[in-house]
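Down below is the structure, laid out as structure tokens.
Heavy-atom basis, side chains included; hydrogens, waters and symmetry copies ignored.
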Amino acid sequence: MGREELPKKTRSMLNLAMLSALNRPHELKMHIGGALRNGVTKAEIREVLLQVAIYCGIPAGVDAFRVPGKPSPNWARRRKVSG
């Protein structure tokens, strides 16, 4: 059930971009874990954050890049389970 027009992976990438642009690091950290579970690769996350830096400004992009550098202990465990 739910909206099917956008795949979960696409939704996750959009969420990462919006949360980065809005400078919401705590929410971004949670959504990175969700994005990985929804099939977004680390390379794709880097590309999303690079787009944020280009279109929303370097300060927003730099702050967003800092968040994945501090991974949640659960990210690796969740990634192993799902992939």
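- Residues forming a side-chain hydrogen bond (donor to acceptor under 3.5 Å, both in side chains) with Q51 (at least two apart in sequence, or on another chain): none.
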Show me the donor-acceptor pairs within less than 3.5 Å that the side chains of residues 18-25 make with the rest of the protein, sequence neighbours left out.
| unit_1 | atom_1 | unit_2 | atom_2 | d |
| --- | --- | --- | --- | --- |
| S20 | OG | L16 | O | 2.7 |
| R24 | NH1 | L22 | O | 2.8 |

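- Annotation: the span from I32 atom CD1 to L49 atom CG amounts to 6.5 Å, rounded to 0.5 Å.
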- Given L14 and L6, is the side-chain contact (heavy atoms from CB on, under 4.5 Å) satisfied, shown in steps? CA-CA 10 Å; L14 288 167; L6 290 176; 3.9 Å; yes
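- Under the side-chain hydrogen bond (donor to acceptor under 3.5 Å, both in side chains) criterion, K8 pairs with no residue, sequence neighbours left out.
- Among all heavy-atom pairs drawn from E5 and R11, the shortest one is N-NH2, 4.3 Å.
- Summarising the geometry of N38 relative to S12, their closest heavy-atom pair is ND2-OG, 2.9 Å, with the distance given to 0.1 Å.
- When side chains are defined from C-beta on, R66 counts as touching V62, because their heavy atoms get closer than 4.5 Å.
- M13 and L36 fall within a single hydrophobic cluster, where Ile, Leu, Val, Met, Phe, Trp and Tyr side chains are chained together by heavy-atom contacts under 4.5 Å.
- A distance of 11.0 Å separates OG1 of T10 from CG of N15, quoted to the nearest 0.5 Å.
- Note that CZ of R37 and NE2 of H31 are 10.0 Å apart. Values are rounded to the nearest 0.5 Å.
- Residues V52 and V40 fall into different hydrophobic clusters, defined by Ile, Leu, Val, Met, Phe, Trp and Tyr side chains chained together at heavy-atom separations under 4.5 Å.
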